[in-house]
Amino acid sequence: MSARVHLERDGDVAVVVIDNPPVNAGSAQVRRGLLEVLETVASDGGIHAAVLIGAGNCFIAGSDLREFGQPLQEPQLPAVIAAIEACDKPVVAALHGAALGGGFELALGCDARVAAAGTVVGLPEVTLGIIPGAGGTQRLPRLVGVPKAIELTCSGARVPSGQALALGLIDCEAQGDLRAAAVAHARGLVGNKARVRDRVVPAADAQAVEQAAAAALKAGKARPAVHAAIEAVMSAAQVPIEEGLASERSAFQALRVSREARALRHQFFAERDSARLPELEGVAPRPVQHVAVIGAGTMGTGIAIAALDAGFDVALLEQDEAALRRGTERIREHYASRVQAGKLKASTAAQCEARLQPTIDWSVLGSSDLVIEAVFEDLDVKRQVFARIDTLARPGAVLASNTSYLDLDAIAGATRRPQDVIGLHFFSPAHVMRLLEVVRGAATAADALATGLVVAKRLRKLPVVTGNAFGFIGNRIYAAYRRQCEFMIEEGAWPAQVDAALEAFGFAMGPFAVADLSGLDIAWRMRQAQAATRDPAARYVHIPDRLCEAGRLGRKTGAGYYVHESGSRGRKSDPAVHTLIERARADKGLVPRTLSDDEIQRRALLAMVNEAARLLAEGVARRASDVDVVLVNGFGFPRWEGGPVFWARERGAEALAQDMDWLADLSGPGFVRGDLCHVLQQLA
Ligand code: NAI
């Protein structure tokens with residue numbers, strides 16, 4: 001018998017235990033074990049029914065994703081499910097924790113599903129660029145109908161047990177002991193098979209099907225896996241199940257080796273690994289329950305909300321009552337609107353708000369375990385604030401700055417305890433965006449860093465550790481990308497063309513639309529601050545400065561690279577901007593030329609890759625995959641392209657080297673080349 005699956009007996013019911021820690025991933029060994037045990041179940045006259053159950057804290061959280069990149073090993077999952085269906089004794093799936101992907105498909109192959117309260121079930125394959133390949137698209141519609149099945153498969157939603165019961169995805173929610181409940185359920189089925197495959201797909205209104213498909217395509221950006229999932233689910237109502245299963249399997253096989261699926265798997269593993277630091281193994285984080293957030297502006301209030309949602313006690317500090325009142329009001333409005341929209345229970349919102357302590361009395365820092373500073377982006381201001389924190393915070397408290405660009409060591413140097421200082425660089429809106437750069441200063445202690453990572457997890461963020469450097473990982477790569485895009489408008493492209501080309505590549509928004517949204521003045525102030533130290537020989541595009549000088553600071557002033565009509569989210573090209581750009585070109589004696597969309601996309605991406613190589617060489621980014629996590633989760637890089645480093649690897653070493661010569665030539669003086677081996681090696 002396989003070490004991953006064993007058979008226990010409960011009278012005449014066989015209890016098949018899947019034991020493949022940590023999450024019982026459906027590996028070849030598990031499948032082999034299941035087949036062996038099912039043979040015993042079928043042939044042993046003393047067994048009248050069987051229960052499949054997971055050891056540890058879940059049923060099967062999904063298939064082993066590493067296997068999807070290679071030829072699939074026998075036996076494959078459809079064969080295991082076929083054996084369950086062919087067995088004339090009822091088989092019940094006992095679900096707890098998570099039953100996802102192949103795990104839920106296995107459960108759908110059983111005669112009934114009993115779940116412990118709190119279990120989540122679902123088919124998230126589409127989020128990995130594939131579709132369920134073991135009958136999920138054929139059995140699910142037999143339980144919930146085609147429109148709902150389209151919605152569930154295309155969104156990859158994780159459905160909690162209560163909702164799963166209401167939908168008919170599970171047959172009952174176990175009160176008390178799951179195993180006992182499942183065994184009792186199985187005994188009740190003895191003598192009967194209740195295969196999902198034998199059910200008729202409930203009739204659905206054509207319009208409802210169409211609507212579900214249209215909504216899924218829109219939400220899923222019409223990616224190939226979404227198309228394939230819709231087609232497979234719809235076919236369940238049109239063809240015999242054997243035919244449906246066969247075409248589902250072939251679509252799954254084709255998608256699993258697609259570039260998109262590889263990119264999404266890469267991103268999945270990159271995110272899973274981002275918080276794993278071998279050197280922190282065995283390092284105990286410091287306990288954190290009370291968090292103080294200093295600065296109740298845009299970021300401070302978002303950070304406070306994230307901390308309240310995660311169950312922390314939060315003190316919100318400001319420099320004066322008026323600013324504090326504004327910030328507190330923003331937080332209250334946030335909770336009120338969540339409740340009003342039905343997204344949050346009033347009681348939960350009240351609990352969160354009750355844990356908020358707005359104050360201008362800084363002595364509260366004496367009882368804080370973690371202090372997060374989010375005041376103005378000004379080194380002197382931040383140093384003053386940290387010096388004050390130093391006099392008030394208790395020994396051992398972790399002191400964090402949310403600075404976007406400033407030198408963390410200079411900030412830490414304002415205290416007598418730089419070992420306790422880390423950066424926690426949130427992205428806006430801080431209660432929504434998952435990415436969190438955790439910055440390690442030169443003196444940061446291992447347990448302070450470990451605390452940052454644990455807090456990030458509690459906040460449900462995706463932490464990436466970065467060294468202390470201007471702009472850390474994300475903003476520095478983004479700045480190189482934006483600079484390259486500015487070169488291109490100087491050479492002959494229009495902002496709208498650059499934005500459209502990059503949005504066609506898959507970016508959520510092009511760089512000039514982003515600049516208008518966040519305000520051109522932030523980067524302008526930074527350029528002014530750097531003017532004295534800038535290499536005078538380096539290429540410098542004056543267009544953004546000219547826009548700012550003309551009062552065009554973006555959306556907030558109604559105009560930037562585009563004009564924005566009040567109240568509308570749309571953007572319109574502006575002839576005045578074209579004139580301004582033409583003048584800037586003429587000032588430098590540049591003759592504009594036409595740039596193709598391909599050139600725009602390649603140059604923008606190569607600029608990112610080059611900067612990533614530099615950050616890796618400098619040790620600011622620790623792993624090439626971390627770069628991809630940052631760009632995908634913080635900067636709208638299309639997840640299905642895997643991130644800039646994945647993109648670079650796909651181009652291949654030789655093409656990439658040639659590309660970089662080309663980019664360096666076009667970029668002109670001041671372009672600093674990174675060594676591509678850092679990008680290629682680490683992913684090899
Ligand atoms: P903001 O201007 O909205 O808020 C700053 C708040 O800090 C104001 O309410 C101000 O009254 C308060 N403040 C200033 N000096 C203070 C002092 N000495 N003591 C107490 N409170 C003080 O600024 P925002 O956008 O929230 O930025 C804060 C920090 O977060 C900056 O370091 C910024 O670079 C960083 N950041 C900003 C992002 C953004 O998208 N806005 C994204 C990521 C980081």
Side-chain angles (χ1 to χ4, degrees), residues 295 373-387 401-415 418 421 423 425 437 439 441-442 466-491 511-512 514-515 518-554 557 560-561 580-581 583-590 607-608 610-611 613-615 617-620 664 666-674:
E373 164 279 312
V375 304
F376 301 138
E377 185 77 347
D378 178 300
L379 186 58
D380 290 336
V381 174
K382 293 216 193 261
R383 281 180 56 89
Q384 278 166 25
V385 167
F386 268 77
S401 172
N402 181 46
T403 179
S404 308
Y405 293 95
L406 300 172
D407 179 354
L408 186 71
D409 294 333
I411 294 171
T415 72
V421 177
H425 181 221
E437 287 182 324
V439 189
T466 150
N468 176 31
F470 184 82
F472 311 116
I473 297 176
N475 279 332
R476 182 155 144 199
I477 292 181
Y478 194 81
Y481 157 86
R482 197 177 49 204
R483 224 168 17 247
Q484 191 61 226
C485 293
E486 289 165 4
F487 291 169
M488 292 192 275
I489 55 172
E490 191 175 64
E491 289 166 32
F512 299 113
V514 170
S518 43
L520 272 64
D521 47 331
I522 306 171
W524 189 29
R525 266 202 306 277
M526 205 136 55
R527 287 194 299 276
Q528 286 167 337
Q530 291 168 338
T533 53
R534 191 178 302 123
D535 171 6
R539 179 172 174 186
Y540 184 85
V541 178
H542 293 90
I543 296 164
D545 291 351
R546 300 280 172 276
L547 288 168
C548 293
E549 288 156 12
R552 304 183 67 115
L553 302 182
T557 57
Y561 283 97
L580 186 148
I581 292 173
R583 204 169 302 135
R585 291 170 185 160
D587 287 348
K588 285 196 179 174
L590 292 168
M608 284 188 164
N610 185 62
E611 208 58 29
R614 295 181 62 197
L615 285 167
E618 291 164 21
V620 175
L666 287 165
S667 300
F671 181 80
V672 184
R673 279 178 83 145

[X] [atom1] to [Y] [atom2] distance, which is reported to the nearest 0.5 Å:
X	Y	atom1	atom2	value
Ile411	Arg383	CD1	CZ	9.0 Å
Ile477	Arg482	CD1	CZ	13.5 Å
Leu615	Thr466	CG	OG1	7.5 Å
Ile522	Arg527	CD1	CZ	11.0 Å
Gln530	Phe470	CD	CZ	4.0 Å
Asp521	Leu547	CG	CG	12.0 Å

ask   = Can we say Glu486 and Arg483 salt-bridge, meaning some charged N sits less than 4.0 Å from an Asp/Glu carboxylate O?
value =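 Salt bridge: no.
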
Side chains of [X] and [Y], heavy atoms from C-beta outward: is any pair under 4.5 Å?
X	Y	answer
Asp587	His542	no
Phe472	Thr403	yes
Arg552	Leu520	no
Arg476	Arg614	yes
Trp524	Asp545	yes
Leu666	Phe487	no
Gln484	Glu611	no

For [X] against [Y], the heavy-atom pair lying closest together:
X	Y	value
Ala538	Gly670	CB-CA, 3.8 Å
Pro544	Val541	CD-O, 3.6 Å
Leu408	Ser401	CD1-CB, 4.2 Å
Asn475	Ser404	ND2-O, 3.7 Å
Leu580	Arg546	CD2-CB, 3.7 Å
Ala584	Ile543	CB-CG1, 3.6 Å

Just by distance, do the side chain of [X] and the backbone of [Y] share a donor-acceptor pair under 3.5 Å?
X	Y	result
Glu373	Val375	yes
Asn610	Val672	yes
Ser667	Ala664	no

request  = Measure the acute angle between the ring planes of Tyr478 and Tyr481, then classify it against the limits of 30° and 60° as parallel, tilted or perpendicular.
outcome  =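 Plane angle between 30° and 60°, so tilted.
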
key: Audit row: Glu491, Arg539, salt bridge (charged side-chain N to carboxylate O under 4.0 Å, His left out) steps and yes/no   = CA-CA 12 Å; Glu491 289 166 32; Arg539 179 172 174 186; 3.0 Å; yes

